[in-house]
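This chain uses plain numbering: 1 for the first residue, then up along the sequence.
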Amino acid sequence: MKKALVTLIQLTVSCTSFAESVDENIVILAMGKEERLEEDIARDQRSRPEAIIPLLNLQTGDRVIDIFAGGGYYTELLASVLGEDGEAILHNNDGFEAWGINGLSDRFKPGRDPGNIVRLTRSGINLDLAAESINGALIVMAYHDLYVVPKRYNGEEYVPVGDPANTEYFLEQVFTALKPGGRFVIVDHAGDETMNHNLVADLHRIKESFTRSEIEAAGFRFVDSTDALRNPEDNRNMIVFDLDVQGKTDRFTLAFEKPEN
C-alpha cells in the first residue's frame with residue numbers, strides 16, 4: 001500500500017512538472033517560430049506581445065480566450081505558449097470576423113497548423129463560456145467598442161441610431177467564465193481624460209481611469225500594468241483610424257484578477 005502511494009505521488013509530480021509559467025522568454029521563443037505569418041511578424045514591434053501575454057499569468061496547459069480576436073494574431077501566440085495540452089479560444093462576432101477575414105484565411109489555410117485553437121463565433125457580445133472554465137481572458141483594442149454608439153449621417157450631421165453594448169452583461173460573462181485567480185487583460189487606445197466620454201468613444205478610444213473603474217465595479221481586482229505600448233507623442237484627440245496616428249496610438253494595458261474568494 002505504501003509503495004503504491006509513493007508511486008502515485010511520483011506520477012502526480014511527474015505530470016505537474018510539465019506545467020511552466022508563461023513568461024517573456026517563452027513568448028519570445030513563440031515569436032521566433034519559422035512558420036509564423038509574415039503579417040504577424042510585421043506586427044510584433046508595435047504590439048509587443050512579450051510584454052502583454054505574461055500579464056495573463058498563465059501556465060502551459062491552461063485555457064484562455066482572445067475576445068474579439070479579429071484575425072487571431074494574439075490567439076496563435078497564446079496557443080503556441082500554452083502548448084499541446086493548452087487551448088486558445090479565438091472569439092469573434094460577425095463584425096470582428098469580417099474585419100479579420102484575411103488574417104483568418106491565412107491562419108487556417110489547408111496544411112497549416114496554427115496550434116490548438118478553438119474558433120468561437122457568436123452574436124453580439126455573447127461569449128458562451130461555461131462557469132470557471134478558463135484561466136485567462138484577453139481583449140486587445142476592442143473593449144472601447146462596447147461603448148461606441150452607432151451613428152448615421154442624416155445629410156447634415158451624424159445622429160445616434162442605436163445603443164451601446166450592455167457592458168455589465170459582458171463583464172459578468174468574463175468574470176463568471178474565469179476560474180478564481182484567473183486574469184483579465186485589456187489593451188486599448190487611450191482617450192483624453194479631460195474629454196467628454198461620448199466624444200472619446202467617437203474616436204474609438206477609451207479613458208484609462210474609466211476602464212479601470214468599470215472593471216473593478218464588476219468585481220475584478222486590479223493587479224498589474226505595463227507602459228510597453230505608451231506613446232506620449234499621441235495627443236489622444238485623433239480618431240485611431242487617422243493615418244497620422246494609426247498603429248501609433250498611446251495604448252494602456254491593465255491586468256485584473258478574479259479574486260480567489
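- At least one side-chain heavy atom of V185 sits under 4.5 Å from a side-chain heavy atom of T253.
- S105 meets the side-chain hydrogen bond (donor to acceptor under 3.5 Å, both in side chains) test with no other residue; sequence neighbours excluded.
- F96 meets the ring-ring contact (aromatic ring centres under 6.0 Å, His included) test with F68; sequence neighbours excluded.
- Under the side chain to side chain donor-acceptor pair (under 3.5 Å) criterion, the residue pairs touching residues 240-252 are H189-T249, R230-D250, with sequence neighbours excluded.
- Under the salt bridge (Lys or Arg N to Asp or Glu O under 4.0 Å) criterion, the residue pairs touching residues 121-131 are R122-D128, with sequence neighbours excluded.
- Side-chain contact, Y147 with E214: a donor N or O sits under 3.5 Å from an acceptor N or O.
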Compile the donor-acceptor pairs under 3.5 Å between side chains in residues 254-261 and protein atoms, sequence neighbours left out, one pair per line.
from, atom 1, to, atom 2, distance (Å)
E257, OE2, R221, NH2, 2.6
K258, NZ, F175, O, 2.9
K258, NZ, L178, O, 2.8

Item to check | Worked check of side-chain contact (heavy atoms from CB on, under 4.5 Å) between F170 and L146 | outcome: CA-CA 9 Å; F170 173 80; L146 300 175; 3.5 Å; yes

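- Looking at K207 and D192, no side-chain N of the basic residue comes within less than 4.0 Å of a carboxylate O on the acidic one, giving no salt bridge.
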Checklist entry - Do V64 and N135 pass the side-chain contact (heavy atoms from CB on, under 4.5 Å) test, and can you show the C-alpha distance, the side-chain angles, and the key distance before you say yes or no? => result CA-CA 6 Å; V64 65; N135 304 95; 5.9 Å; no

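- Applying the salt bridge (Lys or Arg N to Asp or Glu O under 4.0 Å) test to every pair with at least one member in residues 134-147, sequence neighbours left out, gives no pairs at all.
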Please set out all donor-acceptor pairs under 3.5 angstrom arising from side-chain atoms of residues 51-62, sequence neighbours excluded.
from, atom 1, to, atom 2, distance (Å)
Q59, NE2, S21, OG, 2.9
T60, OG1, F18, O, 3.3
T60, OG1, E20, N, 2.8
D62, OD2, Q59, N, 2.7

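- The side chain to side chain contact (heavy atoms under 4.5 Å, CB included) test with R119 is passed by exactly one of L104, I89, N92: L104.
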Next on the checklist: Using side-chain contact (heavy atoms from CB on, under 4.5 Å), reason through F220 and V174 one step at a time and then give a plain yes or no.
Outcome noted: CA-CA 10 Å; F220 290 92; V174 179; 4.0 Å; yes

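- Listed by chain and number, the residues in a side-chain hydrogen bond (donor to acceptor under 3.5 Å, both in side chains) with R236 amount to none (sequence neighbours excluded).
- Sorted by first then second residue, the side chain to side chain donor-acceptor pair (under 3.5 Å) pairs that include residues 76-89, not counting sequence neighbours, are K33-S80, R63-E87, E76-R107, E76-R112.
- For D227, there are no salt bridge (charged side-chain N to carboxylate O under 4.0 Å, His left out) partners at least two apart in sequence or on another chain.
- Taking 4.0 Å as the cut-off between side-chain N and carboxylate O, R212 and E208 do not count as a salt-bridged pair.
- With V140 as the fixed residue, the side chain to side chain contact (heavy atoms under 4.5 Å, CB included) test singles out one of I186, V187, L229: V187.
- The side-chain hydrogen bond (donor to acceptor under 3.5 Å, both in side chains) search around E193 returns S209, not counting sequence neighbours.
- Across N126, L129, L127, a single residue satisfies side chain to side chain contact (heavy atoms under 4.5 Å, CB included) together with L120, and that is L129.
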Next on the checklist: Run the side-chain contact (heavy atoms from CB on, under 4.5 Å) test on R48 and R46 for me, step by step, so that the C-alpha distance in whole Å, both residues' side-chain angles and the decisive distance to 0.1 Å come before the verdict.
Outcome noted: CA-CA 6 Å; R48 299 286 308 280; R46 70 175 185 271; over 6 Å; no

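- Residues satisfying the side-chain hydrogen bond (donor to acceptor under 3.5 Å, both in side chains) criterion with D188, sequence neighbours excluded, are H144.
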